[in-house]
Protein chains: 2
Amino acid sequence: MSELESVIRQLEALDHRITPSRVAVIAAVLAQSGHFSVETIVHQARGVGRATVFRTMRLLTELDIVCRVLLEDASLHYRVSRRGHHHHLVCVSCGNVQDLDECAVSDLVRELAAATEYEIEGHWLEFYGRCAACRSSVALTT
Amino acid sequence: MSELESVIRQLEALDHRITPSRVAVIAAVLAQSGHFSVETIVHQARGVGRATVFRTMRLLTELDIVCRVLLEDASLHYRVSRRGHHHHLVCVSCGNVQDLDECAVSDLVRELAAATEYEIEGHWLEFYGRCAACRSSVALTT
DNA sequence: GTCTCACTGATACCAGGTCTCATAACCATG
DNA sequence: CATGGTTATGAGACCTGGTATCAGTGAGAC
Ligand SMILES: [Mn+2]
Ligand SMILES: [Mn+2]
Ligand SMILES: [Zn+2]
Ligand SMILES: [Zn+2]
């Protein structure tokens, strides 16, 4: 079963209708290699309305098929998610994304909950830096 | 010396000009109690142009007079910052913000740098939840 | 007081995203 | 299959947050 079929099964299982527009958006999403903006999908899923692309992205986010990637300037990208809850290390130079294996703050969430009496429901955690490749190319040009 | 004067001194020290517009924006910012959007300041600093408000907010961010508060939906707010680098715990119900004392991920940044060969330059970290007050009011209404 | 350059604000513009609503079509059911 | 109810679509208006342009102003060094 292809990845596309697998996503379609998930939608069916949750009583969402399988429409050509949705399939086109999902196919475009699955074809991305790194992180991407919604606009990229709007361009690549030709003929699908802008609103539908945004609606489908929301669906895919809720189903955990994509994850949100927050860039340093607070703009929102997406990325195909092949695991559960996790965070990212983004190269600010080439855009490469490293998925981090586990949530580094789950312990902290418990501590915070105890210390502050907040019931903690969510968090954002993203790291920015330069990957080894980008660092060495900078070294060469300076 | 008032907080306003203190900020003005900081601007002077860095060779920024003290203009009525800047003073109005800074005064409006310092009058905020929690986190706020730029739009709030646009409304409250009457007569100051939109662009100038945005420019001044950028200045204040660079000078660490305000810090950026990222909401759960990735929208950007600001908050008067009375300390160095830190993170936030935001109540998604009433908007109350708790400043967290220290950066909880500075150790992690070092570990990550070693493990991934990235040079890590920055991060986003924000927590969302419900404060004690909001939790008890929910308990009452259910 | 003069001069210069940083700053301003009106305005146009852009990006990202939502709302509306008439139309289309998916798919459960018979 | 044929039908029907309900879900999804897409054109376009609209909204929010933010930047670019540029002629005009005024802060403050001298
Ligand atoms: Mn996490
Ligand atoms: Mn930190
Ligand atoms: Zn890189
Ligand atoms: Zn609260």
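Computed from a predicted model, the values in this text were never measured in an experiment. Letters go in sequence order (proteins before strands), and every chain restarts at 1.
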If only atom types and distance count, is the side chain of A:Ser75 paired as donor or acceptor with the main-chain N or O of A:Leu71 below 3.5 Å? no
Gap separating the CZ atom of B:Arg130 from the CD1 atom of A:Ile120, nearest 0.5 angstrom: 13.0 Å
Ignoring hydrogens and angles, answer whether the base of C:dC5 and the side-chain atoms of B:Arg17 contain a donor-acceptor pair closer than 3.5 Å. yes
Decide if atom CZ of B:Arg46 counts as having more than 12 heavy atoms of other residues, nucleotides or ligands within a radius under 6.0 Å. no
Quick one: label B:Thr52 by what it contacts on the DNA or RNA (base, sugar-phosphate, nothing), any heavy atom closer than 4.0 Å. base
Pick one: which of A:Arg82, A:Arg79, A:His87 meets side chain to side chain donor-acceptor pair (under 3.5 Å) with A:Asp99? A:Arg79
Counting neighbours of CD on A:Gln10 that are heavy atoms of other residues, nucleotides or ligands and sit closer than 6.0 Å, is the number greater than 12? yes
Can you confirm whether B:Gln44 is buried at CD, in the sense that more than 12 heavy atoms of other residues, nucleotides or ligands lie under 6.0 Å from that atom? yes
Under 4.0 Å between a side-chain N/O of B:Thr19 and OP1 or OP2 of C:dC7, yes or no? no
When rounded to whole Å, the CD to C1' distance for the pair A:Glu12 and C:dC27 reads 11 Å
Measure up the A:His85 and A:His123 rings against each other and bin them: parallel (under 30°), tilted (30 to 60°), perpendicular (over 60°). perpendicular
Pick base, sugar-phosphate or nothing for A:Arg22, based on heavy-atom distances below 4.0 Å to the nucleic acid. sugar-phosphate
Counting only pairs under 3.5 Å, give me each side-chain donor-acceptor contact of residues 15-28 of chain B, with atom names and distances, residues two or more places apart or in other chains.
{"from": "B:Thr19", "atom 1": "OG1", "to": "B:Arg22", "atom 2": "N", "distance (Å)": "3.1"}
{"from": "B:Arg22", "atom 1": "NH1", "to": "B:Arg17", "atom 2": "O", "distance (Å)": "2.9"}

B:His16 side chain near C:dA6 phosphate (N/O to OP1/OP2, under 4.0 Å): no
Do any of residues 56-77 of chain B sit with a heavy atom less than 4.0 Å from DNA chain C, and if so which? none
Walk along DNA chain D from 5' to 3' and tell me the first and last nucleotide with an atom closer than 4.0 Å to a non-hydrogen atom of chain B. D:dG17 to D:dG28
Residue closer to the 5' end of DNA chain D, B:Asp15 versus B:Arg55 (nearest nucleotide): B:Arg55
Donor-acceptor contact below 3.5 Å, side chain B:His86 vs main chain B:Gly84: yes
Residues from residues 40-51 of chain A sitting under 4.0 Å of DNA chain C, heavy atoms only? A:Arg50, A:Ala51
With sequence neighbours left out, the residues meeting side chain to side chain contact (heavy atoms under 4.5 Å, CB included) with B:Ala74 are A:Leu70, A:Leu76, A:Trp124
Sequence neighbours excluded and cut-off under 3.5 Å, please list the side-chain donor-acceptor pairs for residues 58-66 of chain A, or say none.
{"from": "A:Thr61", "atom 1": "OG1", "to": "A:Met57", "atom 2": "O", "distance (Å)": "2.7"}

